Amino acid sequence: MAVQNDLQLQETHPLHYYEVAVNRPLFQTYTYASFQPISLGCRVQVKLGHSTEVGIVVAQSTKAPDSDFTITTIDKIIDPTPILSAEILTLCHWGSSYYFQPLGEFIFTFIPNYLKQAKLLESLYIEAFEITSKGKYAKLPSQAIKQSDALATIQTLATTSNSNLVAKTTLNQHDIKSDTLRQLLKKELIQKSLIPPYAYTTAPTQTNENSLTLNQEQSDAVSTVIKNQNTFKSILLEGVTGSGKTEVYLNICRHFLNQGQQVLLLVPEIGLTPQLSERLQTQLPYPMITLHSDLANKERASRWLQTKHSTSLVVIGTRSAIACDLPKLACIILDEEHDSSFKQQEGIRYHSRSLAIKRAQLKSIPILLGSATPSLETLTNAEQGRYQHLRLTKRATGANLPEIEIQDSSRLTANQVFTDSTSEAIRNTLQKQQQVLVFINRRGFAPTLQCSQCHWVADCEHCDVALTIHKATNSLDCHHCEHKQPIPRRCPSCNSPYMSPLGFGTERIESELIQHFPDHPIIRMDRDSTQNRGSLEKIRQTLLEGTPCILVGTQMVSKGHDFPNLTLSVVLNCDNGLHNQDFRSKEHLLQNLIQVAGRSGRSKLQGQVIIQTNYPDHPLFVHFKEQDFPGFAKEELTHRKKLGLPPFHHQAAIRMQSLMDNQAFQKLLSLEKYLKDCVYAQGNQNLDISLTMPAAIERKSNWYRYLIVVSSPSRKHLHQYLNIAHEYLLKIPRTKKLKWVIDVDPLDT
DNA sequence: AGCACGCCGACT
DNA sequence: GTCGGCGTGCTC
């Protein structure tokens with residue numbers, strides 16, 4: 001072992017060794033030397049291979065490396081103070097090994113893009129001062145008026161704000177000169193830190209504490225969480241739509257904030273509506289930070305760095321906010337815990353719910369999982385006593401359950417959208433000056449373009465899917481890759497001019513509605529219509545005004561919004577959720593339907609829900625009509641238990657894809673054989689290894705995709721075998737033509 | 001993931 | 001003879 005730099009000059013300084021993780025798919029960390037001690041969690045710049053990388057110091061090396069390679073020194077220490085706390089580092093270590101993701105990449109998924117470069121945060125950080133313990137009781141000579149004034153000012157500002165740290169700019173505004181501060185620093189009466197600017201914490205605003213009085217169930221929920229203060233405890237809050245979960249969250253937040261502590265509120269991707277943050281903001285006289293995906297880079301970084309500097313703080317964020325630094329974290333709340341957007345499906349795969357629970361455990365704090373329709377995993381955890389199960393059974397707002405009607409759509413012709421009775425209901429609602437929601441989980445005009453003569457269908461040339469017709473752009477778009485093409489005039493197969501759209505998407509529903517209800521505004525809300533910044537907000541404002549109108553949209557309409565004058569929800573085309581091969585599709589469909597139903601009649605007005613289906617007798621609708629999610633869950637769980645499916649068996653998918661159709665399949669086959677041999681050799685009956693099979697869409701962007709599903713009732717056994725599989729996979733290099741990934745707790749197999 | 005190295009085939 | 005495509009292996 002040798003150190004590259006000149007040791008002679010540095011001899012008096014001890015050499016430190018650190019493990020550094022970089023943002024690359026490497027399943028190990030690398031050891032670097034430093035003449036200066038560095039805190040764990042700081043960013044550093046290091047040479048790796050032939051390039052320069054930003055890395056995170058994740059550990060102190062326990063031993064000086066004994067092999068014969070040359071250790072290089074760290075080029076530069078980027079951060080004066082860690083950007084990741086020890087707690088977050090521990091969480092990332094756990095997550096990285098639980099999910100079989102490279103530590104560096106895992107850590108970097110939580111770091112804002114702005115901080116992924118080596119740029120020092122000079123533009124972001126500002127100087128701040130706080131009084132030292134020595135400074136608190138210091139007696140200054142009577143002629144040092146400026147210094148004692150300065151101390152007094154810092155003291156006052158510190159007590160009126162929520163932090164001991166007072167920004168230098170603030171002090172300058174109070175006529176305190178830099179020179180005075182320097183003298184106080186020299187006497188160690190104050191100390192200096194670099195902190196991110198405070199501009200992004202919303203200042204405590206006007207208090208509006210005339211909160212609604214809670215009913216018994218609600219206040220029980222609040223007190224259960226408070227009672228478990230400083231204890232690791234998972235609590236499921238199962239509250240029917242409108243039962244006032246938000247009030248519960250609010251009161252929990254208020255309690256902990258009053259104590260000068262912090263609360264982390266995680267919400268689904270599109271659930272982070274201004275509505276929710278406004279509500280919390282006006283009800284809690286404390287600062288709040290929201291972290292969502294479409295913030296400008298710099299602003300996001302600024303907010304992210306800010307969270308650790310403010311006591312009495314609520315952070316509201318999506319998935320990745322689980323790893324923001326909150327030293328005074330007292331409680332985690334995971335709203336809509338069943339929502340699948342908490343699971344990252346691309347790139348680094350992890351589930352925020354699992355990380356949140358792990359974090360609560362590491363920190364010994366309670367975690368509240370809220371939902372009207374809990375995931376069967378969470379329900380089972382509650383059932384088996386691992387989580388406490390609380391229920392909110394009463395609609396707190398006083399609104400009644402919506403009237404639910406299942407309409408048989410099997411006799412409609414191919415070009416008919418609504419049954420007569422549905423049209424009638426829409427007309428009536430508009431006549432009553434109320435609003436209608438039409439929900440269809442498919443964007444575009446129609447999902448297929450077909451030749452009426454020879455039944456040729458326009459398929460994507462890169463994927464095994466049909467192209468979607470988009471009238472707005474007058475093109476055929478693939479929803480699985482970037483491919484777009486013009487709509488052909490004639491059939492490329494038989495030259496017939498009769499090409500017709502098959503099926504319905506939001507665009508087509510919109511145009512149908514415009515024909516049928518020309519006197520009312522039709523508003524479309526899907527990914528295509530909300531691409532511009534602010535367009536979502538504009539739609540929301542229109543709906544809040546209460547003008548009678550029809551809102552047509554995908555999934556995105558069903559989350560988080562609260563429009564008091566919306567009284568009718570119509571659900572179209574949910575039938576593939578009934579018969580999908582994915583075992584979770586029924587669970588997800590019912591969760592979705594109940595959520596959509598919850599959109600109508602949220603105020604005093606009676607709500608109404610119409611489902612149009614070709615299978616009106618499907619048992620799922622019986623549960624839906626009675627809003628009986630627990631009943632459904634019970635049946636479904638019996639079924640899952642019988643089949644050895646989650647949550648009774650834990651699963652992992654080993655996914656492999658290649659640009660050549662055979663490669664990934666062949667390599668997976670040999671892994672399958674290897675794993676089966678291992679299981680056989682050890683005589684383990686506790687593990688099930690599936691056959692190598694094609695993914696639901698076998699070819700996507702020209703990648704041929706296959707998977708093996710490994711499952712076991714024992715988490716320990718599953719991971720034991722995943723470790724074996726992982727060892728094997730590490731010998732198969734991931735190249736430009738072949739990729740693999742282990743997907744622990746997959747949501748789609 | 002980058003990047004270099006090295007092996008092969010093509011082309012002034 | 002050399003330019004460059006791509007498969008392979010390494011990064012403290």
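Just so we're clear, the structure is a prediction, and the values are computed from it rather than from any experiment. Every chain is numbered from 1 and lettered A, B, ... according to where its sequence line falls, protein lines coming before strand lines.
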If I take atom [atom1] in residue [X] and atom [atom2] in nucleotide [N], what distance separates them, rounded to the nearest angstrom?
| X | N | atom1 | atom2 | value |
| --- | --- | --- | --- | --- |
| A:K739 | B:dG2 | NZ | P | 12 Å |
| A:L730 | C:dG9 | CG | C1' | 14 Å |
| A:F27 | C:dG9 | CZ | C1' | 16 Å |
| A:F108 | B:dG2 | CZ | P | 13 Å |
| A:E53 | C:dT11 | CD | C1' | 10 Å |
| A:R24 | C:dG9 | CZ | P | 18 Å |
| A:Q28 | C:dC12 | CD | P | 10 Å |
| A:K731 | C:dT8 | NZ | C1' | 17 Å |

- Query: When all nucleic acid strands are considered with a 4.0 Å heavy-atom cut-off, which category describes A:K736: base, sugar-phosphate, or nothing?
  - Reply: nothing
- Which is it for A:H351 and A:D745 under the side-chain hydrogen bond (donor to acceptor under 3.5 Å, both in side chains) test, yes or no, and what are the steps along the way? CA-CA 8 Å; A:H351 202 303; A:D745 305 329; over 6 Å; no
- Query: Is A:R655 close enough and on-axis enough to A:W740, meaning under 6.0 Å and within 45°, for cation-pi?
  - Reply: no
- Is there a side-chain polar atom (N or O) of A:Y30 under 4.0 Å from OP1 or OP2 of C:dT11?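 For C:dT11, OP1/OP2 do not have a side-chain N/O of A:Y30 under 4.0 Å.
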- Query: A:K47 side chain N/O closer than 4.0 Å to the phosphate oxygens (OP1, OP2) of C:dC12?
  - Reply: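 A:K47 to C:dC12 OP1/OP2: no side-chain N or O under 4.0 Å.
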- From A:T73, A:D75, A:T72, residue fulfilling side chain to side chain donor-acceptor pair (under 3.5 Å) relative to A:K47: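 With A:K47 as partner, A:T73, A:D75, A:T72 yield a single side chain to side chain donor-acceptor pair (under 3.5 Å), made by A:D75.
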- Among B:dA1, C:dC12, C:dG7, which nucleotide sits nearest the side chain of A:K737? C:dG7
- Message: Which nucleotide wins on minimum distance to the side chain of A:H50, given the candidates C:dC12, B:dA4, B:dG2?
- Response: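 In terms of side-chain proximity for A:H50, the closest of C:dC12, B:dA4, B:dG2 is B:dA4.
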- Could you tell me whether A:R24 and A:E105 have a side-chain N and a carboxylate O separated by less than 4.0 Å? no
